[in-house]
Amino acid sequence: MQNILEAVLSDGIRAEDLANLPLPASYRALTIHKDEIGMFDGMATRDKDPRASLHLDEVPVPEPDAGEALIAVMASSVNYNTVWSSIFEPVPTFMFLERYGRRSPAARRHDQPYHVLGSDLSGVVLRVGAGVQRWKPGDTVVAHCLSVELESPEGHDDTMLDPEQRIWGYETNFGGLAELALVKANQLMPKPAHLTWEESASPGLVHSTAYRQLVSRNGANMKQGDIVLIWGACGGLGSYAIQLALNGGAIPVCVVSSPEKAALCRAMGAELTIDRVAEGFSFWTEGGEADKKEWRRFKGRIRELTGGEDPDIVFEHPGRETFGASVFVASRGGTIVTCASTSGYEHHFDNRYLWMHLKKIIGTHFANYREAWLANRLVTRGLVHPTLSVTYPLDQAAEAVRNVQQNLHVGKIGVRCLAPADGLGVSDPLLRAEVADNLDLFQRWNAISPPEPELRPAALVDSPMAAQAPQPGT
Ligand code: NAP
């Protein structure tokens with residue numbers, strides 16, 4: 001692995017040199033184990049600690065099959081799907097691997113007693129399988145997480161509709177939280193040249209999802225002037241939804257859970273914020289009932305901020321605790337677009353407000369090939385910026401996953417895989433200088449607003465940046 005790393009880090013990587021380097025027999029990867037599926041049985045979701053189920057293992061290197069690529073992973077990022085995998089909810093992901101494994105001899109490689117997790121990466125192509133023409137060893141890449149077969153006509157227009165659609169690193173094995181990763185070559189996209197390895201690994205999954213959810217005609221088809229209510233506006237999805245709304249001339253109304261997060265929204269240029277905790281909003285009672293008085297109060301608060309208008313689009317993902325309020329506050333003819341149910345997937349809403357006011361609920365999930373490419377293009381051109389707040393080394397990735405599960409982070413948490421340090425991988429310093437002020441906003445915020453310092457890597461807690469960082473909003 002050291003030879004590979006030295007070759008990748010050397011100036012001017014030569015394809016043939018890299019292609020001729022022998023591969024190691026095994027690599028380090030963040031995994032869960034099939035024989036531990038029952039370890040949290042009987043526990044409440046919040047008590048299931050990913051640090052108990054996540055392992056850093058040496059696993060065998062898979063050989064790329066036709067149409068695939070083996071990537072030296074420089075950096076990855078933590079997505080919420082790794083929280084779900086690590087607590088075996090809503091179903092153990094080994095079920096997906098078993099089902100995939102029954103598809104073909106090549107897919108059978110994915111059905112292992114371990115699952116290598118992770119659905120983002122930035123890195124360097126090491127090997128390509130038969131038939132891959134566009135990519136070659138030495139190319140610097142990011143990978144989106146859409147794995148499809150495209151043998152059925154259903155997916156030929158919108159690749160997300162392929163019946164064999166899977167999320168790589170969640171419903172497939174050999175994911176990105178590892179030193180090496182196996183992807184389909186069609187997942188590869190150019191790495192944004194002005195970003196570091198860890199910055200470029202962070203937008204992928206959440207940004208592409210937010211792009212389809214908000215901008216694409218497969219989602220809410222946002223237009224200039226739309227009022228967009230964004231739940232969790234400083235989280236993974238939300239921090240890209242804010243940028244897409246502002247870029248597209250829309251007016252975001254950001255819901256967050258602390259004054260510091262509200263300040264971070266304003267620092268991104270989103271003026272209208274609601275602190276759901278400080279303002280005491282609670283849309284779901286202990287007994288599992290929706291609270292309609294709260295829906296009305298929330299609608300009033302949004303109107304105060306918008307000059308009396310209701311949201312044209314509600315960007316939904318918290319699910320059960322907020323969904324009823326989302327349907328209620330959307331404008332006549334408005335759209336509630338949902339990609340998740342973090343707080344519970346059985347929702348309650350009052351259908352009268354949906355049909356009488358001609359609202360639409362749209363279900364959306366990740367992004368098709370084209371949407372993922374267009375989302376990456378925005379990052380590559382410096383029009384959307386990574387919201388990386390902190391980076392952990394691979395051997396502390398389980399702590400990072402715990403941090404996300406407990407909602408202690410903002411934006412995205414990066415993971416250094418092969419990259420020996422932060423800050424490497426930039427090959428377009430001119431563009432970087434142009435957008436520099438936007439690149440470390442979340443890191444500066446993170447350094448001065450540490451919710452749980454003991455959960456941070458020691459290097460960050462003691463960072464001189466923490467003392468020097470400007471206040472959020474400046
Ligand atoms: P994240 O980084 O944890 O951000 C989620 C934000 O939601 C948090 O920052 C929090 O913000 C807010 N939130 C959490 N619980 C809430 C509640 N009960 N009520 C109101 N707000 C709440 O996670 P993410 O990456 O944005 O992902 C969010 C969800 O979407 C996860 O369930 C994930 O699995 C799913 N997802 C689905 C797709 C897909 O393709 N279908 C793609 C990406 C993510 P505040 O505390 O500041 O309000």
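Computed from heavy atoms alone, side chains included, the values below leave out hydrogens, waters and symmetry copies. All ligand and atom numbering here is 1-based and tracks the order in the structure. Note that this is a predicted model, so its numbers are computed, not measured.
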### Given Arg297, Arg296, Lys292, the one that forms salt bridge (Lys or Arg N to Asp or Glu O under 4.0 Å) with Glu294
Arg297
#### Entry: Pair Arg416-Asp422, salt bridge (Lys or Arg N to Asp or Glu O under 4.0 Å): steps then yes or no
CA-CA 8 Å; Arg416 259 190 330 274; Asp422 289 352; 2.6 Å; yes
## Note on the structure
side chain to side chain donor-acceptor pair (under 3.5 Å) filter on Arg217, not counting sequence neighbours, yields none
### Message
With side chain to side chain contact (heavy atoms under 4.5 Å, CB included) as the criterion, how do Gln165 and Leu146 come out once you've worked through the C-alpha distance, each side chain's angles and the decisive distance to 0.1 Å?
### Response
CA-CA 7 Å; Gln165 178 269 321; Leu146 174 58; 3.4 Å; yes
### Task
Run through ligand 1 for me and note each protein residue having a heavy atom under 4.0 Å from it, chain first, then residue number.
Tyr80, Trp84, Leu205, Val206, Thr209, Gly232, Gly235, Gly236, Leu237, Val256, Ser257, Lys261, Arg276, His317, Pro318, Glu321, Thr322, Cys339, Ala340, Thr342, Ser343, His365, Phe366, Asn407, His409
#### Entry: Centroid-centroid distance, Tyr170 to His115, less than 6.0 Å
no
### Task
Kindly confirm or rule out a cation-pi arrangement of Lys261 over Trp445, judged by NZ or CZ under 6.0 Å from the six-membered ring centre and within 45° of its axis?
no
